[in-house]
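Note that the structure is predicted; figures quoted are calculated from it, not measured. A note on names: the letters A, B, ... follow the listed sequences, proteins ahead of strands, and every chain is numbered from 1.
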Number of protein chains: 2
Amino acid sequence: MIRVMIADDHQLFAEGLSRALNGIPDTRVVGVVDSGDALAEALENQPAEVCIVDIEMPDGDGIEAISGLDSRFRSIVVSMHASDEQKARAKDAGAMGFFSKGVPLATLAAAIRAVAGGEMLIDYDDSARDEVLGRFMSAKLDPGAEALTPREVELLQLLASGVSATDELAERLYISQKTVKNHLASIFQKLAVADRTQAAIEAIRLGFANPQ
Amino acid sequence: MIRVMIADDHQLFAEGLSRALNGIPDTRVVGVVDSGDALAEALENQPAEVCIVDIEMPDGDGIEAISGLDSRFRSIVVSMHASDEQKARAKDAGAMGFFSKGVPLATLAAAIRAVAGGEMLIDYDDSARDEVLGRFMSAKLDPGAEALTPREVELLQLLASGVSATDELAERLYISQKTVKNHLASIFQKLAVADRTQAAIEAIRLGFANPQ
DNA sequence: GCGCGATTGGGCCACTAGACCCATCTCAAA
DNA sequence: TTTGAGATGGGTCTAGTGGCCCAATCGCGC
């Protein structure tokens, strides 16, 4: 679990990103602040491995804020209007990553994992960076969750979306009720849960629930 | 349930906002597009009551996009750098709401409810608008969910946190297993679900799960 | 006081879920 | 080619679930 602190004065963005990252199994947002000055203060009370810092903020520019941070706090700078000189400033200030707000969530999540693992993403050029990020794309799931087979994942998604009855699961997957129960038994063991209710909850927590 | 379509080219923002709104019981994001041109197209296949539209977008400015929309699709314009001139343009184009991206999520959620209910938020001045929004601040739960008794909510929270076995629920609540089953039966009816798995999923969706 | 809903229980019963065995088939990797 | 994992099934059994009755107690408001 990587603890993340967000510094951004646009609340819609910060709250949305916070919820999005909390929906990813291995990242957890432990705090949101709306100015550069508040960042260092928040980190004293609530340590975090990675900070997501916006450049454009009142009361303490984001880049100034991270230049004053303890080096054990790693930072990723995000900007609405990303430019090369902003990137250079971010690098000088000690940021380990630099992204436009136009990147997909999955990319930022990968960057968080990479930075938490010590990668200086900001040193790479674009293609090299993407190669590195590719290695961090998949969320490190619980040991049990990654052992799930494709078919088990399929069943789990259905379960997490509210299809709980054996006969309905069987219909949806074009298999017999018996096979549904066999898959479920295997899922229970891998997720270390006792019944389909706990499996569904765990599936939602792990992000297996497909939205809509 | 208010269906929401998001048009924003900043994926981090759009994905974050999408997840945030889906976490609110009475709003559901049914689509995300990254340009003004794609908005009208998406609405044909997937109708929505309210559109959240960013101004700054490539391939079709957000304001141009909503001016061409059918009037049954109501729009709220959000902007990174909100100005009076932008607000006037949004109003002329038929937007029913106008907000900076700096507003809290709860405000936008209230605005979505207000606009879905036909309020022309954009016509009010700031103080009058906040007064109107205040009336829409609380999420309207599903009719069934608000009929839940305190004890039923307590049980549902436990269930949503993974306590699925009858005997454990009984222990935690200091009541007999029989009473647990009675409460569950009542919950099933009120939430219109069939079993505890669906009840747990619905409880999580409704925000009854207490995190951590 | 009187009703009403919430909370707490009981009994009964059909059905289901989950645990434990097992077999077959396919496909890809070694 | 053989081995192993995955997917598909079967049978059986016990404990548990959920549906449907019912009743006593306790507050709270009318």
Side-chain angles (χ1 to χ4, degrees), chain A residues 138 140-206 208-210, chain B residues 141-206 208-210:
Chain A
S138 58
K140 246 199 244 53
L141 297 175
D142 296 24
E146 49 189 339
L148 290 171
T149 69
R151 197 57 162 164
E152 286 165 357
V153 169
E154 214 172 322
L155 201 159
L156 202 50
Q157 286 173 335
L158 272 178
L159 186 66
S161 71
V163 184
S164 55
T166 305
D167 55 358
E168 201 175 346
L169 286 166
E171 256 181 52
R172 296 286 207 93
L173 295 171
Y174 306 107
I175 54 180
S176 80
Q177 299 192 18
K178 186 56 209 170
T179 306
V180 169
K181 297 175 99 175
N182 283 340
H183 284 319
L184 280 173
S186 171
I187 290 171
F188 295 163
Q189 205 173 14
K190 290 176 181 175
L191 295 187
V193 298
D195 52 41
R196 29 192 107 189
T197 300
Q198 292 179 2
I201 295 169
E202 187 67 4
I204 292 173
R205 196 185 69 78
L206 291 171
F208 279 109
N210 30 4
Chain B
L141 295 177
D142 295 23
E146 49 189 340
L148 290 171
T149 68
R151 196 59 162 165
E152 286 165 357
V153 169
E154 214 173 324
L155 201 160
L156 202 51
Q157 286 172 335
L158 271 178
L159 186 66
S161 71
V163 184
S164 56
T166 306
D167 54 358
E168 201 174 347
L169 286 166
E171 257 180 52
R172 296 286 208 94
L173 295 170
Y174 306 107
I175 53 179
S176 81
Q177 299 192 16
K178 185 55 209 171
T179 304
V180 169
K181 296 174 95 172
N182 284 339
H183 284 319
L184 280 173
S186 170
I187 291 171
F188 295 163
Q189 206 173 13
K190 290 176 180 174
L191 295 187
V193 297
D195 52 41
R196 33 192 104 188
T197 300
Q198 291 180 2
I201 294 169
E202 187 67 4
I204 292 173
R205 197 184 68 76
L206 292 171
F208 279 110
N210 26 7

Does [X] place a side-chain N or O at less than 4.0 Å from the phosphate oxygens OP1/OP2 of [N]?
| X | N | value |
| --- | --- | --- |
| B:Thr149 | C:dG5 | no |
| A:His183 | D:dT8 | yes |
| A:Thr179 | D:dG9 | yes |
| A:Ser176 | D:dT8 | no |

Response to the item:
Distance col, row A:Gln157:CD vs A:Arg172:CZ, nearest 0.5 angstrom, shows 12.0 Å
Measure [atom1]/[X] against [atom2]/[N] and give the value in whole Å, please.
| X | N | atom1 | atom2 | answer |
| --- | --- | --- | --- | --- |
| A:Lys178 | C:dG18 | NZ | P | 11 Å |
| A:Phe188 | C:dA19 | CZ | C1' | 11 Å |
| A:Ile187 | C:dA17 | CD1 | P | 14 Å |
| B:Leu155 | C:dT8 | CG | C1' | 13 Å |
| A:Lys181 | D:dG16 | NZ | C1' | 12 Å |
| A:Tyr174 | D:dT8 | OH | P | 13 Å |
| A:Leu169 | C:dG18 | CG | P | 11 Å |
| A:Asp167 | C:dC15 | CG | P | 13 Å |

Discussion item. More than 12 heavy atoms of other residues, nucleotides or ligands under 6.0 Å from CD of A:Gln177: yes or no?
Written reply: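 Yes, CD of A:Gln177 has more than 12 neighbouring heavy atoms, counting only those of other groups under 6.0 Å.
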Worksheet item: Side chains of B:Ser164 and A:Gln198: do they bring a donor and an acceptor to under 3.5 Å?
Response: yes
Discussion item. Is any side-chain heavy atom of B:Ile175 closer than 4.5 Å to one of B:His183?
Written reply: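 Yes, close enough: below the 4.5 Å cut-off.
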Worksheet item: Under a 4.5 Å cut-off applied to non-hydrogen side-chain atoms, are B:Leu191 and B:Leu156 in contact?
Response: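 With C-beta onward as the side chain, the pair touches.
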Item to complete: Give one of base, sugar-phosphate or nothing for A:Asn182, where a contact means two heavy atoms less than 4.0 Å apart.
Response: base
Fill in: Along DNA chain C (nearest heavy atom to each residue), the more 5'-positioned of A:Leu184 and B:Pro150
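Looking at DNA chain C, the more 5' nearest nucleotide goes with B:Pro150.
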